[in-house]
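Chain letters run A, B, ... following the sequence lines, proteins first, then strands; residues in each count from 1.
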There are 2 protein chains.
Amino acid sequence: MKKIENIKQNGLNFSRRLRRTPFTSSVEKCGVKGFSVVNHTLLPKAFETSIEEDYWHLNSAVQIWDVGVQRQVEIKGPDAFKLVQFMTPRSLKNMKKGSCYYIPLTDETGGMINDPVLLKHSDNHFWLSIADSDVLLWAKGLAIGLKFRVMISEPDVWPLAIQGPLATSLLVDVFGKKIKELKYFHFSHFEFEGTSQIIARSGYSKVSGFEIYLEGFEYGEKLWDLIWNAGKKYNLSPGCPNLIDRIEAGLLSFGNEMTNQTTPLETGLEKYCQVNGSHDFIGKEALKRQKSEGITKCIRGVIFDGPPCPPCAEPWHLYSKSGIKIGNVTSAVFSPRLKKNIGLGVIKKPFWNDGTSIKVAVPGRILNNGKVSNLPFS
Amino acid sequence: MKKIENIKQNGLNFSRRLRRTPFTSSVEKCGVKGFSVVNHTLLPKAFETSIEEDYWHLNSAVQIWDVGVQRQVEIKGPDAFKLVQFMTPRSLKNMKKGSCYYIPLTDETGGMINDPVLLKHSDNHFWLSIADSDVLLWAKGLAIGLKFRVMISEPDVWPLAIQGPLATSLLVDVFGKKIKELKYFHFSHFEFEGTSQIIARSGYSKVSGFEIYLEGFEYGEKLWDLIWNAGKKYNLSPGCPNLIDRIEAGLLSFGNEMTNQTTPLETGLEKYCQVNGSHDFIGKEALKRQKSEGITKCIRGVIFDGPPCPPCAEPWHLYSKSGIKIGNVTSAVFSPRLKKNIGLGVIKKPFWNDGTSIKVAVPGRILNNGKVSNLPFS
């Protein structure tokens, strides 16, 4: 059996097709050790420190993350609201300007297309801040077919996340006290170098933080350096979405936990789905049917002993105590806080209850000591 | 100035989101050293040997390439032809069953969405074998909006390329003499392990070769091993699309030379565009206008002296002799045959003529000895 750890040592061969962000040069100066690729763009995934050191640091100080891979799909025009609403099971009726909504996007079978954060600029102007699939093409295809009056584009906007308990203090120093007034999942405009920039209280972690939606690639180094210098007194370090934090929090990742083979009802996103509401959306019939019949599989936590598990590059099979295949783990990591391995995966009914004993097929062997867990891990 | 070479040393962090192909385990056994990511899937990009050794080997023997990243978008149903024809400026009127067409896909501005190879199974059944963008979402969005009667999916099909002058002999040994009858850009069905598999005479190189469209992930290792063992007498080696071969041949790469900011007329693909033909397609008005007004920039070759250039991870600026910015290089490599650096890039009118003297801004310095070249490089 091959050792999965070795695969991590493989190189990533660069080309122009894998786009750099305005912050890539800065993370290179910080000694970035590894990348992933999201939306045809480079996502830093490892620095000098270990994922465990990063985890403790994230939970005690503040980090700066190049999340420029979160590309925006801008939808503008008289039919903008109509199109966005048609793309998601979540009702947007009460959404206010300046707020962010986490919205599942579904296809005609109810399968997930993406799970972006939607930013509402006005009734005729939205951004979808996307995970890893070309929502630009999906939205454009729909708009062309439906003859909707919209302009759809990928604007020159590059998110930079500031995450950690000291994030507020740091950004107050840089952008002023107005930062404190920002409510969770709301955004406002802030001055930077004579430009107006959007900052939201949001981020892909369970600690508090902000995302700066930098408009203008050419300002990237200046913004990074400004925050970098102001951050010295807060022990700021470069970072990236932390796998331990993400799994502990039960934060899902499109392409890992969710694909077009899973519906939002199967991914614990039912609260974002008004499937019996009055608005029409793609996949409504399929999701209505699934809701009335009841789901037969669902995203759950999995917890198991053993030495720290390797990264989960292929789904690991899960078995019931009696050996029936009951699902897969799609992300896993050793939690230094819980001192156990934890993972996320889809588990079939009726094996999905908290505390159910299961077996986990990690690379090379089957561990008999697994248990199903509610999310987030407590 | 940072050394671009160093960037190549960065690792690629694996997760389930970066899909493995049925051949990934086999290329790992062959000592793969680096990957790229295309269509959310791993593409081997480097083995033990240098790109130059690979180039000479490709041109003298035969190689096996894991190109499972070339995902298929299957379009089936009574409106399948109507949808595919609406997606491309190329007229498909005379396309025969069993043939492959290289087709640009364009958006409403005439910008490129992708440049797949189209395989025609029947009047109601097509595969688009795609480059790096989610054409599945584009096609589905269009079909939903237009209410076309089609089924669109990504089938369980994984191309494996056999390329090089000895490819025919090798595949005759494995699949029989019928291989010899295959015409360029045509496909036929061949028996393998009791299944019927499609093989086309095609490939992303200027040498001759084949692509096996393996249907059934579970057959991957068997197919690889069968060819691997039969290939020993032909000096078969593992490989991947070779950058030297690709640039010498002037083969374009979507995401590198082409994006949604370039039209097929600007990318030398005019012969695949019947913009004044009778069929309707997305972007027709924009391309008709561009054709009648004339293009102002075009993909060209660039040739320049100096030590072997680094990989082109960001567009390199091109200047006229008098210092005017006239374009960018988007892919470049040292050609051991021509003993010069060669590249592909967009160059503005009137600086695009063969032999025009230009300056090339490689990382760290400006070279004054560049020349524009026709494609392919002779």
Next item on the list: Rounded to the nearest 0.5 Å, what's the gap from CD on A:Glu266 to CE on A:Met112? Could you check?
Entry: 10.5 Å
Checklist line | B:Asn13 versus A:Ser36, side-chain donor and acceptor atoms under 3.5 Å | finding: no
Margin query: Can you confirm whether the side chains of B:Ser25 and B:Glu28 place a donor and an acceptor under 3.5 Å from each other?
Written below: no
Note to self: Counting only non-hydrogen atoms closer than 4.5 Å, does B:Ile282 touch chain A with its backbone (N, CA, C, O), its side chain (CB onward), both, or neither?
What the structure shows: side chain
Check: So does A:Glu314 pair up with B:Arg19, basic N to acidic O under 4.0 Å?
Finding: no
Check: Checking B:Leu43 against chain A: side chain, backbone, both or neither under 4.5 Å from a heavy atom?
Finding: neither
Check: Atom CG in B:Asp134, atom CG in A:Asp132: separation rounded to 0.5 Å?
Finding: 7.5 Å
Notebook entry, point to check: From A:Glu257 CD over to A:Asn328 CG, what is the distance, rounded to the nearest 0.5 angstrom?
Noted result: 11.0 Å
Check: Looking at B:Glu154, B:Lys140, B:Glu108, which has the largest count of heavy-atom pairs under 4.5 Å with chain A?
Finding: B:Lys140
Notebook entry, point to check: In terms of heavy-atom proximity below 4.5 Å to chain B, should A:Leu243 be classed as side chain, backbone, both, or neither?
Noted result: neither
Note to self: For the interface with chain A, which of B:Asn39, B:Leu137, B:Val37, B:Leu18 has the highest count of heavy-atom pairs at distances below 4.5 Å?
What the structure shows: B:Leu137
Next item on the list: Identify which of B:Ser331, B:Pro315, B:Ala46, B:Ala139 forms the greatest number of heavy-atom pairs closer than 4.5 Å to chain A.
Entry: B:Pro315
Checklist line | Interface moiety of B:Phe148 toward chain A, non-hydrogen atoms closer than 4.5 Å | finding: neither
Note to self: Looking only at heavy atoms and a cut-off of under 4.5 Å, which of A:Thr24, A:Asn260, A:Val38 has the most pairs with chain B?
What the structure shows: A:Val38
